[in-house]
Amino acid sequence: GFDFIKEKFGIEFDNAFLRYPACKEYPILEAEKTNAVATIARANDGKKRVDHTIQAIERSQTKPKFVLIGGDVGMTHPTIDIDSKGSWNGYNKIKIFAESKIAVQHWSGIPPAEAIQQKCVVLSYDIPYMRELFGDALVWVEKDNIDALAEAIDKWIWNDDLRQEQADKAYEMFVNGELGVKLQKHCADLVTHHLRKLVSHQS
């Protein structure tokens with residue numbers, strides 16, 4: 001349908017708008033950052049991404065606690081502390097982001113926006129569509145470079161001032177509608193804008 005609109009009327013919708021039209025708005029929860037790293041992922045069918053995060057934590061100097069939402073409850077690892085929550089539907093993921101210093105979210109659209117709303121810094125592999133969605137709001141790591149991910153985890157766990165600066169910047173970008181993933185109210189404005197363009201082309 002959108003290819004037809006582009007061909008017929010010359011109007012192109014942003015990819016980010018199509019794939020992730022809106023993220024629910026959440027208040028900033030008052031919570032102590034007792035967790036170190038959080039991830040929401042389908043750990044069973046997207047295991048590589050979770051495995052890379054676990055390997056990076058294992059190689060890190062800090063060996064931070066890892067809270068995983070997705071996969072099997074009670075997942076364990078011999079050398080790192082994993083709190084595996086199972087299905088994210090059964091847990092308050094927003095509260096977990098509020099309690100976490102950083103989130104590692106590869107290939108994810110909505111979870112980084114949810115973490116950003118809780119002033120939780122998000123690390124991601126540098127993947128084109130993720131950069132399209134989030135730009136400077138995320139901390140980028142070379143794709144599939146586990147050592148680089150380990151170094152980034154240490155850097156952002158240790159440096160409270162840098163982390164706060166990044167968290168504040170990402171939050172402002174998101175609430176001001178500057179990212180590809182937008183709040184529902186900004187998405188509504190975007191839909192209205194595109195529909196008006198379509199109507200004006202037809203009249």
Side-chain angles (χ1 to χ4, degrees), residues 1-31 33 37-42 49 69 88-89 92-141 143 152 156 159-203:
F2 291 102
D3 289 339
F4 172 80
I5 290 170
K6 180 181 177 181
E7 182 179 336
K8 182 80 173 174
F9 302 106
I11 297 172
E12 185 174 1
F13 287 74
D14 294 337
N15 286 338
F17 164 71
L18 292 179
R19 286 181 284 182
Y20 302 105
C23 177
K24 184 177 178 182
E25 185 171 8
Y26 298 96
I28 298 176
L29 303 181
E30 294 297 328
K33 299 286 187 182
V37 181
T39 292
I40 293 177
R42 293 188 296 272
R49 303 190 291 277
I69 309 170
W88 64 265
N89 287 314
N92 188 339
K93 58 183 176 176
I94 303 306
K95 183 172 183 290
I96 289 171
F97 281 140
E99 294 170 346
S100 300
K101 292 183 177 181
I102 61 175
V104 178
Q105 293 292 158
H106 312 310
W107 302 98
S108 301
I110 297 300
E114 294 168 331
I116 284 169
Q117 290 186 71
Q118 299 307 318
K119 301 293 186 80
C120 178
V121 169
V122 181
L123 277 57
S124 174
Y125 280 150
D126 195 350
I127 299 164
Y129 92 85
M130 287 292 284
R131 191 175 276 275
E132 174 194 353
L133 293 177
F134 290 102
D136 293 338
L138 267 55
V139 175
W140 301 109
V141 178
K143 184 174 180 288
W156 292 92
N159 197 322
D160 293 343
D161 291 340
L162 184 65
R163 194 173 62 248
Q164 187 64 55
E165 181 181 342
Q166 175 67 21
D168 290 340
K169 179 181 79 171
Y171 179 81
E172 289 302 318
M173 292 176 70
F174 179 67
V175 298
N176 290 332
E178 298 173 25
L179 305 182
V181 177
K182 301 182 185 300
L183 287 170
Q184 290 171 341
K185 61 185 179 183
H186 292 138
C187 180
D189 292 340
L190 190 58
V191 170
T192 302
H193 169 73
H194 281 296
L195 290 176
R196 283 176 176 161
K197 286 176 70 175
L198 280 175
V199 170
S200 66
H201 274 71
Q202 290 178 321
S203 57

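Hydrogens, waters and symmetry mates are skipped; everything else that's a heavy atom, side chains included, is used. All values reported here derive from a predicted model rather than from experimental measurement.
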query = Are Leu133 and Leu179 close enough that some pair of their side-chain heavy atoms sits under 4.5 Å apart?
reply = no

message = Minimum heavy-atom separation for Ala170 and Ala137, please, with both atom names.
response = CB-O, 3.4 Å

task = Decide yes or no for Lys33 and Glu99: does some side-chain heavy atom of the first lie under 4.5 Å from some side-chain heavy atom of the second?
result = no

key: Asp126 with Arg131: basic N within carboxylate O range, under 4.0 Å   = yes

inquiry  = If I compare all heavy atoms of Val122 with all of Pro112, which pair ends up nearest, and what's the gap?
reply    = CG2-O, 3.9 Å

inquiry  = Less than 4.0 angstrom from a charged side-chain N to a carboxylate O is my criterion; do Lys169 and Glu165 meet it?
reply    = no

ask   = Ignoring hydrogens and geometry, is there a side-chain-to-backbone donor-acceptor pair from Gln105 to Ile40 under 3.5 Å?
value = yes

inquiry  = A side-chain contact here means heavy atoms from C-beta on lying under 4.5 Å apart; do Leu123 and Leu138 qualify?
reply    = no

Side-chain (Gln117) to main-chain (Ala98) donor-acceptor, under 3.5 angstrom = no

request  = Look only at the side chain of Thr39 and the backbone of Val104, and say whether a donor-acceptor pair between them is shorter than 3.5 Å.
outcome  = yes

key: Gln164-Asp168 side chain donor-acceptor pair, cut-off 3.5 Å   = yes

key: Side chain to side chain, Lys101 and Val37, heavy atoms closer than 4.5 Å   = no

task = Start with the C-alpha distance between Phe134 and Ile116, add both sets of side-chain angles, then the distance that settles side chain to side chain contact (heavy atoms under 4.5 Å, CB included), and finish with yes or no.
result = CA-CA 10 Å; Phe134 290 102; Ile116 284 169; 4.1 Å; yes

key: side chain to side chain contact (heavy atoms under 4.5 Å, CB included) assessment of Lys119 paired with Phe97   = CA-CA 8 Å; Lys119 301 293 186 80; Phe97 281 140; over 6 Å; no

ask   = Is there a donor-acceptor pair under 3.5 Å between the side chain of Trp140 and the backbone N or O of Gly135?
value = yes

message = Take a 6.0 Å sphere around CG of Asp136 and say whether it holds more than 12 heavy atoms from other residues, nucleotides or ligands.
response = no

inquiry  = Which heavy atom of Gln118 sits nearest to which heavy atom of Pro27, and what is that distance?
reply    = NE2-O, 2.9 Å

message = Any heavy-atom pair between the side chains of Tyr171 and Ile28 that's under 4.5 Å?
response = yes

remark   = Ala167 and Val121 have their tightest heavy-atom pair at N-CG2, 3.8 Å

key: Distance-minimising heavy-atom pair for Cys23 and Ala113   = SG-CB, 3.9 Å

note = For Ser124 and Met130 the tightest heavy-atom approach is OG-CE, 3.5 Å

query = Could you state the interatomic distance from CD (Gln166) to SG (Cys120), rounded to the nearest 0.5 Å?
reply = 11.0 Å

key: Lys/Arg-Asp/Glu bridge criterion (N-O < 4.0 Å) met for Glu114, Lys93   = yes

task = Using the ring of Tyr125 (Phe, Tyr or Trp, six-membered ring only), decide whether Lys143 places NZ or CZ under 6.0 Å from its centre and within 45 degrees of its axis.
result = no

